[in-house]
Asker: 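This is the structure, below, for whatever I ask next.
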Amino acid sequence: MLGATNLMRSHTQTSHIRLKRTFVVVTVAREKFITPGPKKDTKKQKKIKFDPTDELWKSDINLNEDITKALGGVALLEKERKSGDPFKQRAYENAIYIITSYPARIISGAEAKKLQGIGSSIANKIDEILKTGTCESLKEKQEDAELFETFSQVFGVGPVAAKRFVDKGYKSISDLANDPDLTDMQRLGIKYVDDFKLMIPKVEAQGLIHYVQDVLKELSPAYIGIACDGHRRELSETNSLYMAITHPNYTSSPSTDPGRLLLDLTDALTDLGFLTDHISSGILKYWVRWESIEGSTI
DNA sequence: GAGACGGCGCATTATA
DNA sequence: TATAATGCG
DNA sequence: GTCTC
């Protein structure tokens with residue numbers, strides 16, 4: 001979402017709509033958003049750096065599948081245990097990606113450790129995997145890790161809630177529905193768990209965008225609404241839909257109060273029956289559920 | 001050995 | 001009741 | 001968890 005936001009710049013403060021199958025997200029970009037961050041310098045060391053564009057790394061098959069599989073399980077476990085440290089998680093994903101691309105069979109942890117992104121901890125685990133075929137820690141808690149992953153699929157359920165559900169002994173997503181402490185977002189996440197997995201064909205997305213644009217124009221001809229992200233990139237289907245809306249009166253320099261910019265739109269769309277469920281609502285960000293309207297050309 | 005690894009809006013809960 | 005912290009996408 | 005300083 002932020003990537004799309006970065007496309008909006010200059011002196012026009014921007015509102016943002018995102019439709020994810022049945023959901024719409026509206027965000028108003030802020031000035032600090034808009035400034036692109038500094039480029040990070042990638043300095044290389046004596047370690048071998050992974051470069052997916054290099055011929056050297058061209059490998060069609062994963063010669064180390066046993067290792068990457070086991071590491072994937074460990075990563076999942078680690079994620080569950082720590083309630084999801086995002087950096088640790090990324091470190092594992094990165095290492096697994098590198099090893100998957102590695103064009104030779106790894107015969108020791110030390111060999112793998114020469115690669116940038118693999119340190120002593122993972123190197124040790126690789127030795128264990130090579131020796132025993134698996135990782136000790138994997139054996140018992142694998143089911144928990146898998147449940148953790150399942151629950152994490154639910155919109156609104158992050159690492160903390162997922163772990164709580166595992167600890168409560170839930171075995172499936174339908175078990176979650178009876179939990180007394182669900183947030184509104186999680187209730188919707190459960191209700192639409194399958195819906196979220198659907199892709200939006202391009203034609204449908206175009207219809208949705210035009211629909212929103214028409215409503216927008218009725219509110220004020222000066223309103224501007226454009227599609228972003230996947231649709232902007234001409235993908236044949238997307239799993240989410242972003243729109244940015246703005247108005248000439250709404251500028252970021254000096255910044256003006258976005259006021260009812262979003263609420264007017266979302267109210268109108270709700271009155272029309274286009275939006276049904278509201279995930280969150282603010283003057284800067286609005287998430288709602290939409291439904292195709294009977295008889296419309298969508 | 002310590003800090004970076006993206007930053008932010010909204011909802012919810014914890015704390016003053 | 002006001003503010004801070006947490007969880008989440 | 002790995003990398004950099």
Side-chain angles (χ1 to χ4, degrees), chain A residues 1-6 8 13-21 23-50 71-72 74-79 81-99 109 112-126 135 137 151-165 180-190 192 196 229 239-242 258 261-263 266 277-289:
Chain A
M1 177 156 57
L2 299 188
T5 310
N6 285 335
M8 309 300 135
Q13 200 153 3
T14 307
S15 283
H16 214 140
I17 299 183
R18 171 197 188 191
L19 307 144
K20 177 174 168 75
R21 181 53 184 176
F23 286 82
V24 181
V25 178
V26 182
T27 303
V28 176
R30 299 194 115 163
E31 186 118 34
K32 31 181 138 168
F33 259 151
I34 291 166
T35 313
K39 253 191 170 173
K40 47 184 75 169
D41 45 315
T42 46
K43 48 183 68 171
K44 58 155 126 190
Q45 278 320 59
K46 59 269 173 190
K47 279 216 173 190
I48 300 170
K49 193 177 174 208
F50 171 60
L71 282 180
V74 175
L76 216 54
L77 267 175
E78 201 61 35
K79 200 165 134 191
R81 193 171 66 78
K82 295 272 292 179
S83 293
D85 175 347
F87 299 113
K88 186 177 276 196
Q89 186 185 326
R90 184 184 306 169
Y92 267 110
E93 284 169 3
N94 185 41
I96 291 168
Y97 178 49
I98 291 168
I99 295 172
K113 200 181 170 184
K114 289 179 185 166
L115 305 172
Q116 190 177 45
I118 294 165
S120 50
S121 177
I122 287 183
N124 289 340
K125 287 188 172 67
I126 288 176
C135 249
S137 55
F151 298 152
S152 299
Q153 294 173 12
V154 176
F155 195 89
V157 175
V160 173
K163 172 150 180 56
R164 198 177 78 237
F165 293 148
D181 299 320
L182 291 178
T183 64
D184 292 345
M185 190 188 277
Q186 288 164 345
R187 254 183 281 275
L188 289 173
I190 293 167
Y192 298 115
F196 270 129
D229 201 56
N239 79 338
S240 61
L241 230 176
Y242 298 74
L261 179 63
L262 295 189
L263 285 181
T266 51
D277 296 291
H278 297 233
I279 296 178
S280 72
S281 60
I283 55 173
L284 295 176
K285 186 189 247 177
Y286 211 106
W287 292 14
V288 288
R289 174 176 186 271

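In what follows, chains carry the letters A, B, and so on, assigned in the order in which the sequence lines appear, proteins first and then strands, with residues in each chain numbered from 1. Below, all heavy atoms of this structure are taken into account, side chains as well, without hydrogens, waters or symmetry copies. Values in this document were obtained by computation on a predicted structure and should not be read as measured data.
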Asker: Which nucleotide in the set B:dC5, C:dC8, B:dC10 lies at the smallest distance from any side-chain heavy atom of A:F87?
Answerer: B:dC5
Asker: In what stems does DNA chain B take part, counting only runs of at least 3 consecutive Watson-Crick or G-U pairs whose two distances fall under 3.5 Å?
Answerer: B:1-5 with D:1-5, B:8-16 with C:1-9
Asker: With the side chain of A:V160 defined as its heavy atoms from C-beta on, choose the nearest nucleotide among D:dC3, C:dG9, C:dC8.
Answerer: C:dC8
Asker: Please determine if a side-chain N or O atom of A:K113 lies less than 4.0 Å away from the OP1 or OP2 oxygen of D:dT2.
Answerer: no
Asker: OP1, OP2 of D:dT2 versus side-chain N and O of A:K88: anything below 4.0 Å?
Answerer: no
Asker: Just the rounded figure in Å: distance from P of C:dG7 to NZ of A:K163.
Answerer: 13 Å
Asker: Identify which nucleotide among B:dC5, B:dT12, D:dC3 has an atom closest to any side-chain atom of A:K47, counting heavy atoms from C-beta outward.
Answerer: D:dC3
Asker: Using every non-hydrogen atom in the two residues, find where A:A112 and A:I126 come nearest and quote the distance to one decimal.
Answerer: CB-CD1, 3.5 Å
Asker: Taking only the side-chain heavy atoms of A:A161 (C-beta and beyond), determine which of D:dG1, B:dT12, C:dC8 contains the nearest atom.
Answerer: C:dC8
Asker: Is any side-chain heavy atom of A:L188 less than 4.5 Å from a side-chain heavy atom of A:D184?
Answerer: no
Asker: Parallel, tilted or perpendicular: which one describes the rings of A:Y97 and A:F50, with boundaries at 30° and 60°?
Answerer: perpendicular
Asker: Rounded off to whole Å, could you give me the CZ-to-P distance for the A:R164 and B:dT13 pair?
Answerer: 9 Å
Asker: What are the two closest heavy atoms between A:A162 and A:S152, and how far apart are they?
Answerer: CB-OG, 3.6 Å
Asker: Separation of A:L263 atom CG from B:dC10 atom C1', in whole Å?
Answerer: 13 Å
Asker: Using the P atoms only, state how far C:dC8 lies from B:dC5, rounded to an integer number of Å.
Answerer: 23 Å
Asker: For A:R90 and D:dG1, what is the distance between atoms CZ and C1' respectively, to the nearest whole Å?
Answerer: 11 Å
Asker: Test of understanding: with side-chain contact (heavy atoms from CB on, under 4.5 Å), list the residues that count as partners of A:S121, not counting sequence neighbours.
Answerer: A:K125
Asker: Select base, sugar-phosphate, or nothing to describe what A:I96 touches, counting heavy atoms under 4.0 Å on all strands.
Answerer: nothing
Asker: Please enumerate all residues that pass side-chain contact (heavy atoms from CB on, under 4.5 Å) together with A:A161, with sequence neighbours excluded.
Answerer: A:V157, A:R164, A:F165, A:Q186
Asker: Can you list everything that forms a ring-ring contact (aromatic ring centres under 6.0 Å, His included) with A:Y92? Sequence neighbours excluded, please.
Answerer: none
Asker: Between C:dC8, B:dC10, D:dC3, which nucleotide gets closest to the side-chain atoms of A:S280?
Answerer: B:dC10
Asker: C:dC8, D:dG1, B:dT12: which one has an atom nearest the side-chain heavy atoms of A:K125?
Answerer: D:dG1
Asker: Sequence neighbours left out, what passes side-chain contact (heavy atoms from CB on, under 4.5 Å) with A:K113? Give chain and number order.
Answerer: A:K47, A:S120, A:A123
Asker: Quick check for you: among D:dG1, B:dC10, B:dT12, whose closest atom lies nearest to any side-chain atom of A:T183?
Answerer: B:dT12
Asker: What is the separation between atom CG on A:D85 and atom C1' on B:dG3, rounded to the nearest whole Å?
Answerer: 13 Å
Asker: When you check the phosphate oxygens OP1 and OP2 of D:dT4, does a side-chain N or O of A:Q116 lie under 4.0 Å from one of them?
Answerer: yes
Asker: Would you compute the distance between atom CG of A:L71 and atom CD of A:E93 and round it to the nearest 0.5 angstrom?
Answerer: 12.5 Å
Asker: Quote, to the nearest angstrom, the P distance that separates B:dC8 from B:dA4.
Answerer: 15 Å
Asker: Report the distance from atom CG of A:D181 to atom C1' of C:dG7, rounded to the nearest whole Å.
Answerer: 14 Å
Asker: Tell me: CD of A:E93 to P of B:dC5, nearest whole Å?
Answerer: 18 Å
Asker: Strictly below 4.0 Å: does A:S121 bring a side-chain N or O up to OP1 or OP2 of D:dG1?
Answerer: yes
Asker: Atom CE of A:M185 and atom P of B:dG9: how far apart are they, to the nearest Å?
Answerer: 15 Å
Asker: Base, sugar-phosphate alone, or nothing: which one does A:D184 contact when heavy atoms must sit under 4.0 Å apart?
Answerer: sugar-phosphate
Asker: Once you apply a heavy-atom cut-off of 4.0 Å, does A:V74 come out as touching a base, just sugar-phosphate, or nothing?
Answerer: nothing
